[in-house]
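A, B, ... follow the sequence lines: proteins, then strands. Residue 1 opens every chain. What you see is a predicted model, and the numbers here were worked out from it, not measured in a lab.
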Number of protein chains: 2
Amino acid sequence: MGSTPQVRRKVTLSDIAAGCNVSRATVSLVLRGSPLVNKHTRARVEEELRRQGYVYNRAAANLRRRTSSSIALVLNDLANPFFAEFAAGVDEAVAGAGFVTLLGSTAESPAREEAVLGSLVEHGPGGIILSPAEGSDARKVLAAVGSHMPLLLFNRELDGSVPEIAHWDTLALDNQRGAQMATEHLIALGHKRIAFFGGHRDSSSCRQRREGYRQAMHAAGLRVESHWMVESAPTRLDAARQTAALFAGKTSPTAAVCYNDAVALGLMLGLYQHGRRPGHDFAITGFDDIAEAQVSMPPLTTLSTVPRERGKQAAALLMQRLQHPDTPVGHTIAPVKLVVRESSCPPPAA
Amino acid sequence: MGSTPQVRRKVTLSDIAAGCNVSRATVSLVLRGSPLVNKHTRARVEEELRRQGYVYNRAAANLRRRTSSSIALVLNDLANPFFAEFAAGVDEAVAGAGFVTLLGSTAESPAREEAVLGSLVEHGPGGIILSPAEGSDARKVLAAVGSHMPLLLFNRELDGSVPEIAHWDTLALDNQRGAQMATEHLIALGHKRIAFFGGHRDSSSCRQRREGYRQAMHAAGLRVESHWMVESAPTRLDAARQTAALFAGKTSPTAAVCYNDAVALGLMLGLYQHGRRPGHDFAITGFDDIAEAQVSMPPLTTLSTVPRERGKQAAALLMQRLQHPDTPVGHTIAPVKLVVRESSCPPPAA
DNA sequence: TGCTGCATTTGTAACGATCCAAATGGCCGG
DNA sequence: CCGGCCATTTGGATCGTTACAAATGCAGCA
C-alpha cells in the first residue's frame, strides 16, 4: 500500500514542489501553516509530503531565519541522580517549548568544560544552562560562550566572577536557609552538640550550608567545636570513611547536619560500623531528598530540592531570557523544604 | 587589552575574509587546517579569527557538506541511575568523536517517544541510540526515524518487530545468562527454594532474566513454586510492598533472585519490616550493580553491567554504523559479571 | 471596457559555510 | 624572453530553507 521505495537522497522541499507543480515558496508556506495558501492547494501539498516521506530540515531553516531551536545543557556530573533528575526536568520543559537539548557533561573538569562549551556553541544553541565544574573560572567560561549568549548558571558560582563581566542569570538552591532549618529542627528536638558533616570546604554550596548551620547555632547560643566540622568528598563512600573524625575530640556530637543525602547515608553506614544506631542514639539530616532518602534505614530527614522542578524552572528562566534578551540579569533562589523522617531523633536522655 | 566590543551580528567567515583581504575560500581552508594555504597567510587569518572572536557555524557547514555532527540519544527514563550512567558514557564517547549528543527522554510513553524522535530527526542527527519505552512499537519507530537512519536499539526490544523491517543494530545485556549465574550461585550455596522477585512479566528483559533463572533451577532439578514468581514495578518502593507475597504459600523460599538492584534493595527493606535479616536468614541477588549496591546493608550480591561502559559501547557501535552504512546489522550481547557480596548467604541450617 | 482590490502564488536573493574548476603569480629551464 | 609548472588563491554555484517584493488571475464595479 503506497510504499514508495525511497532510496538515496533526502527528500527536500523542492522535490515536493516539483511533485505537485507549485513553487518551493508555497510548500514552505504550507509547512509553516500559513493561512495564505488555498485550502485545496494545501491538501495537495500535504498529500505529497506524506507520499514522499518528507522530513523538515530545521538546520537549514534556522540558518535562513537566524534562529535556533536548541538549548545546551552542560553538567558537571550527569551520573549523579540529582543532576540526572535535573536534566530530565530541563529536557521535559525544553521539549515542551519545541526545542531540543544538546547535552554535554564535564566530569568536574574545568578543561573539559571549556572544550564542551566550545563544541556546543558551534552548533548554535539559543542559550546554555550550565552547572559548572568545581574550580571553573568565570573568564574562561565567558570566553567560551561569548558575551551575548544567553546563559543560566545553576547550582554553583564561578570562580573569579566579578559583577562587570557577569551577564548571566543564576538559579541556586537556598542552601543557607536549608541548612539553617535543619539545624533549628535538631535544636528544637533538644540537641546541643551538633556537627556539620561532609562536603568540600571550598565549594560554594558547602560554604553556604555551613553558614546556615553556623547562624542557627549562634542564634541558639550553642558552641561549635572545630572537630565537628568534618570535610569529605560528597559521596557515600568517603563519608563512611570520615565518620571516625566526628568522635575524635573529647565532646562528641549527638547529631549532624550533613552536606547532602549521599554523605548522610554514608554517615549512617559509618555509624553502624562504629556500633551506633542512627535515628536512635544519633540524629542525622541530609540535603536533596534523593529517592533513597525515604527508604533508607532509618528514613532520612532532609531538605527537599525537587531537582526535576528545578530543571523545569531553569529551562523556563532561560526561555524567558531568549524572549527578552535585554531585561536585567536575574538571580533566582529556589526554596527548599524540610522533610522530617525518622533519622532525626531527640538526643539520648542525658 | 585588545577588547573589541562585539555588538550585534555574529561574526562570519566573510567578516574575517574582509578583515584581512583574502577570499572566503581561503579562510575556510584555514579553518579546516588545509595544507594548501601559505603559512604566512594562515597566521594572518588566525590572528583575525581571534581578534574578531569568530565562532564556527557547524550547522551551515553541515548543510553544505551534507554531513552531520550529532547523534540523538533517546531514553525511556533518564532519571534512573542506570540510564543516567549510560547517558554519561554515550556522551563521553560521542564527544570524543567530535560529535554532540541530542538528548530526548520519553518517560516510558510510546506516544512521547514518537514525538521526541520526530523532533530530533528534524535536527539531522547522524544516527540514533534508542532505549525504547515499554510498549513501543516497531512500525511506529520506523515511521518516525525513516528506514535509512542509522539506529541502535539498547536494552529492550520493540513490539511487533519482524526481521523484514528491522534494519537496526542492537545492544543488549546478557540478561538470561546473568540470572542463570545468580541462580547457580545461590544453588551452590545450598539453597533449594529460590524465588524470582520483581519486574514486569511482559518486559523483554524480565522475560529473559526469568528464563535464565528457570533454566538454572531446572538444570539443578529444583522445583519452582508459582507463588515464588512475584511481579512488581521495578522500583524500591513497590518491591518493598510486594514482599509479603513471597511468604504467602506454604513453602517459603530461602533466597530470591531479584529482577534488579532497586527491587533487591526494596526487598531488603521489606524483609526487615517482616522481621527477617537479609544476608543472614535470607539470601538476595540483584542485577545492575548500581552505586548503592556496595554500600547497602548488607552489601548486595549482583550482576555488574557497567552502564557507563555500555554507553561508550553503544556510541562506538553507532559510529561504526555511520562509517559503514552497508554492513549487515549486528546484534551485540554485552556480558555481565557476578559480583559476590554479603547479601548472598547460605541457607539457615535446617 | 478598464480599473481596482483581493486572494494566491511565485521568482530571486539571502543565511554561512564548502566544493570545484579556473585564475594568479613567481620561478625555472631552454 | 617564453612556456610550463608549482604553490596558492579565488569566484561562483550550491546545500535546503525563508523573506520579500512582485506577479497572477479573477471578480466586482463604474
Please tabulate the protein-to-nucleotide N/O contacts below 3.5 Å involving nucleotides 13-17 of chain D, giving atom names and distances.
{"from": "D/dA13", "atom 1": "N6", "to": "B/R24", "atom 2": "NH2", "distance (Å)": "3.4"}
{"from": "D/dT14", "atom 1": "O2", "to": "B/R64", "atom 2": "NE", "distance (Å)": "3.2"}
{"from": "D/dT14", "atom 1": "O2", "to": "B/R64", "atom 2": "NH1", "distance (Å)": "2.9"}
{"from": "D/dC15", "atom 1": "O2", "to": "B/R64", "atom 2": "N", "distance (Å)": "3.3"}
{"from": "D/dG16", "atom 1": "OP1", "to": "B/R66", "atom 2": "NH2", "distance (Å)": "3.2"}
{"from": "D/dG16", "atom 1": "N2", "to": "A/A60", "atom 2": "O", "distance (Å)": "3.3"}
{"from": "D/dT17", "atom 1": "OP1", "to": "A/Y54", "atom 2": "OH", "distance (Å)": "2.4"}
{"from": "D/dT17", "atom 1": "OP1", "to": "A/N57", "atom 2": "N", "distance (Å)": "3.3"}
{"from": "D/dT17", "atom 1": "OP2", "to": "A/L13", "atom 2": "N", "distance (Å)": "2.6"}
{"from": "D/dT17", "atom 1": "O4", "to": "A/R24", "atom 2": "NH2", "distance (Å)": "3.2"}

| Distance in angstrom units between B/L36 CG and C/dA22 P, rounded | 17 Å
| said: Classify the ring geometry of A/F154 against A/F86: parallel below 30°, tilted from 30° to 60°, perpendicular beyond 60°. | reply: parallel
| query | OP1, OP2 of C/dT10 versus side-chain N and O of A/T26: anything below 4.0 Å? | reply | yes
| Spacing of B/L29 atom CG relative to D/dT8 atom P, expressed in whole Å | 12 Å
At a cut-off of 3.5 Å, list every protein nitrogen or oxygen paired with a nitrogen or oxygen from nucleotides 21-26 of chain D, distance to 0.1 Å.
none

| said: Assess, by modelled atom type and distance only, whether the side chains of A/S23 and A/T26 contain a donor and an acceptor separated by less than 3.5 Å. | reply: yes
| message | Looking at B/R156 and B/E108, is any side-chain nitrogen of the basic one under 4.0 Å from a carboxylate oxygen of the acidic one? | response | yes
| So, are B/E47 and B/R44 salt-bridged, with charged N and O less than 4.0 Å apart? | no
| task | Could you tell me the separation between the NE2 atom of A/H123 and the P atom of C/dA17, rounded to a whole number of Å? | result | 14 Å
| Between B/Q313 and B/A334, what is the shortest heavy-atom contact and its length? | OE1-CB, 4.0 Å
| query | Hey, is A/R139 close enough to A/E114 for a salt bridge, meaning N to O under 4.0 Å? | reply | no
| query | Do the charged groups of B/R308 and B/E92 touch, with an N to O distance under 4.0 Å? | reply | yes
| Do B/D169 and B/T332 have a side chain donor and acceptor closer than 3.5 Å? | no
| said: Rounding to an integer number of Å, can you tell me how far B/N62 CG sits from C/dC19 P? | reply: 11 Å
